[in-house]
Trainee: 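Sharing a structure, written as structure tokens. Questions coming.
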Amino acid sequence: MISVVVLIVLLPFAAAVAGLLGSRWPRGGSRTKENDRAAARRAAWFAIAPITAALLLTLWLASWSARALPRGSASYPGAEFWAGLLPGSTEGTLTMVETGSVPISFTLRADGLSILIGVLVVVVALAVQVYSVGYMRDDPRHPSYSAFISLFTSAMLLVVYAGDLIVLYAGWEIMGLCSYLLIGHWWEDRANSRAAVKAFLVTRLGDVGFLFGIFTLGFAAGSFRIDDVLSADIPRGTLITATMLLLAGVAGKSAQVPLQTWLPDAMAGPTPISALIHAATMVAAGIFIVARLYPAFLGAQPTLDVLAVVAAIGMLGAALAALAQDDLKRVLAYSTISQLAYMAAGLAAGSDKAAIFHLLTHGAFKALLFLGAGAVIHHVGSNLMTHMGGLRTSVPITFAAMTVGFAALMGLPPASGFFSKDAVIAAIEHSHSPAQPFLYGAALLTVGVTGAYAMRAWLRTFFGPARVEALPEPPPGTAHVFDGREAPRSMLWPIGVLAVPALLLGFAGVTEVDWGSALVSLIVALLGAGVVYAFWRGAPHQDPARMLGPFRTACERAFYVDEAYRAVFARPVLRLARGVVRTDGQVVDGAVRGAGRLTMSLSGFVRLAQKGNAQLYVTGLLAGLLLITVAAVVLG
Amino acid sequence: MHIVYPVVVSALLFSIGVYGVLARRNAILVLMSVELMLNAVNLNLVAFDVWLRDRLHGGQVLTLFVIVIAAAEIGLGLAIVLAVYRNRQSIDVDRLRDLSETGASGEAGPPEEPVGVGEDADREARP
Amino acid sequence: MTFEAPGFWPPSGPEVVFLLLGLVAVGSALLVVTTRQLVHAALWLVLCFGALAGGYLVLTAEFVAWVQVLIYVGAIVVLLLFGIMLTRAPIGRSADLDSGNRWAAVLVALATAGVLVSVVVAGFGTAYAPLEPGQGAAKPLGSSIFRTWVLPFEALSVLLLAALIGAIVLSRTDIRGRE
């Protein structure tokens, strides 16, 4: 059975290799229009066929797992959700790498949790690949783009199915690399490559902590295998240290406070990338890791408390920032941060089940929202909601799908978000964490703000007067010029398909709904939405974000975190770097140059003897000869 | 006869020749000093020939050879000195400074000098 | 070499004569390298060579002595005088016959003298050779040259020829180099 898992991981990898090497080979190397189109077509096949195969294999694996073992054989309390749904698990070790101290086992494992996330990853990846065929039409770099998506998918699946922390870390880093490459896909625009570098550096900052967390866990447990680590008897202090370090990586990857600043800038990448990497999968990897190592986190309560505080700040702050953005994708980006904070809050409240549930539904509806936003942007030719409005008639399918997505985001029944968010809030309500009141208050407030910003985005995009105008030339980084039509079918199909789980996935958790808290959060969400609607109704031309008043600019700039980081970290580092350059140029090089100059002047001094006077030379010759003779006589 | 007498005289003559070669400016005087050194060697050869009673008279025969070679050397040397004189109107050894780096110390000779030396070299190189 | 060496004092008659001649030779050689007049230097050179020829005579190398007088005094010094005249050297005193590194030259020369004298005194201080007249006469020397040393002799003749041609080529101005 493990060979199926290996195949699932390797298929997208093979797709990446084939897409990178094979799209323009053996013919079509030159950059003509026909060649580009043929290469794009071939790359699309290379990308989509293996993913489809992987999806089928994953579904088969899931059905095998569902029938494999008697239900309820959970490995630890709280894991009933996926352990109940998909109890079967398999594990296989390919090889052991002896490192001298703690061996690295190249282990893959598939259990309920990883199969669930695996299904999500493969479904979203497939949807995005299909969508990209339409979205990236006429982009000459489509082959490398789709190959990177395949590589990313493979890495994410490696993370999901990893049975060993080092293997997991390898996939984790490849994901970061692909994220960097894809954010900078339109690298001709300096801002895009800057955003890519920023994302790379910020996540790398967290990854350092993550790696050391892995080392701490691994050395304390004597093995990097996840099962060994979880069953090992690790002292509490070590556990707290390790989980805190892991938390750094989680915050980096999942864009949590204080490393959240890269995600909004990462929207510079193509919209499908935002849907896949920066909404549904990669940013959820941080949550996944915590869930995967949840017993270790349960043993370290202070870490969970820190996570709670981080989540509380992140969810509310990001939601407020989303409320003030004008760029549709940035709204969704801040919304992603906020929703990821929800999942983190669920974890901190002690319910990994709720967190993973929300992860799954969020993956579905946020991918849907991004793909829909991509279709809208494709249609309008601009990212800014100021340029949108009244689109519900011109793009009816997108409108319907995105309505489902926004409903799920707001947590309106019967969309999936209602059930999962309710699960999270119920978990927070019943937790015994010392940060519980703070967390609960933040969560409820966020529900309201979420309702507000989702309502605002929905209204500003699809209602009101049409403000669509043909832009003369789109800047790189946005999409295509306005063509006045609904998006091509290759883009609509994924949107339509994703709308189904976004709408219905929640019913998987319908039996466990805490109706009391659900009602409270629903009312709060409707309240937020209602306020926005009232403001919008008063003046449809104006942005409802004006209700924030003087607070608006702060929200729009995301509370000046970027500026603060620039002042506190970036500028001193730059100053330091400049100082180092100056030191290098003047002190180090100066020493070298000075040595050269000193030698030259000394040689000038010696040159005085080399005046061309042969007599002087003979004098020196004879004197030297005499000295040698005397020395030979005396010393010999 | 104590051999040490001629040998010491020869050593003194040789040293005087060394001084002359090193200190004299005029090329002809330098040639004279070279002759002094050669004579010192001759005296040595004769003295050792007498002391060793060489049946082949190697020392004295070699002395004769050295005298011959000295004659040839002085002929050639004077020819070179004359050629230099024709080119430079001077035979002061310490003014023939084409060995020095040109332009480096500012003490190199006038710019037309290398041309003259080139002609010299040509002439010397030709058999 | 097998003779019992007599003491340094009193010196024998030939030794006294040789020492006096050597004194003359060294003194005139010093004058050669210190005089301020070019022509005088050549003339002092004649004296030096003559004294050396006398020394050869005392050392029983009579043939060498005559050759010395003939070639050195008769030919070489004359040649040098011609050279002096052809280069239009000033006749009379000239102040700048010594170059700048005179003191270095003095130092090197003194050191050379010190080294050489100390070496030869240490090495041959006790060597003694009785003088036998007729050893360096023309006959034994001639037979030696034309029997044992005939090959170097012939080689020397070729050398002389080469020097002759070279001197002619160097001193003629109407022979140009190949363009």
Side-chain angles (χ1 to χ4, degrees), chain A residues 26 29-32 572-636, chain C residues 25-26 28-42 44-45 48 76 79-80 83-84 86-90 93-127 163 166-167 170-171:
Chain A
S30 61
R31 299 262 160 162
T32 60
V573 167
L574 279 178
R575 217 170 293 136
L576 185 68
R578 246 175 256 129
V580 169
V581 167
R582 207 174 305 127
T583 310
D584 182 50
Q586 287 177 4
V587 179
V588 180
D589 284 10
V592 175
R593 252 182 250 127
R597 224 171 278 146
L598 189 70
T599 311
M600 291 296 282
S601 55
L602 275 182
S603 73
F605 189 67
V606 173
R607 197 192 282 152
L608 291 179
Q610 303 286 322
K611 283 192 287 195
N613 188 347
Q615 275 185 323
L616 206 60
Y617 300 168
V618 178
T619 310
L621 197 73
L622 282 177
L625 190 68
L626 277 174
L627 283 180
I628 291 171
T629 311
V630 171
V633 170
V634 171
L635 300 177
Chain C
V26 170
S28 55
L30 270 176
L31 285 168
V32 167
V33 297
T34 51
T35 181
R36 305 209 159 185
Q37 299 192 37
L38 266 175
V39 183
H40 284 197
W44 285 121
L45 198 64
C48 177
I76 293 180
L79 211 57
L80 285 170
I84 291 170
L86 283 175
T87 55
R88 293 188 204 134
R93 298 176 78 83
S94 50
D96 57 345
L97 284 181
D98 284 342
S99 65
N101 64 335
R102 189 171 154 203
W103 292 110
V106 168
L107 211 65
V108 170
L110 279 181
T112 312
V115 169
L116 285 179
V117 169
S118 57
V119 165
V120 296
V121 167
F124 310 106
T126 57
L170 277 177
S171 40

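Here is how names work: the chains are called A, B, and so on, in the same order as the sequence lines, proteins then strands, and each is numbered from 1.
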Trainee: Heavy-atom distances under 4.5 Å only: say whether Val108(C) touches chain A with side chain, backbone, both or neither.
Mentor: both
Trainee: If you round to the nearest 0.5 Å, how far is CG of Leu116(C) from CG of Leu626(A)?
Mentor: 8.0 Å
Trainee: According to side-chain hydrogen bond (donor to acceptor under 3.5 Å, both in side chains), does anything in residues 28-42 of chain C pair up with another residue at least two apart or in another chain? List the pairs.
Mentor: Gln37(C)-His40(C)
Trainee: Is it the backbone or the side chain of Leu616(A) that comes under 4.5 Å from a heavy atom of chain C, or both, or neither?
Mentor: both
Trainee: Report the donor-acceptor contacts between chain C and chain A below 3.5 Å as a table, one pair per row.
Mentor:
{"residue": "Ser99(C)", "atom": "OG", "partner": "Gln615(A)", "partner atom": "OE1", "Å": "2.9"}
{"residue": "Asn101(C)", "atom": "ND2", "partner": "Thr619(A)", "partner atom": "OG1", "Å": "3.0"}

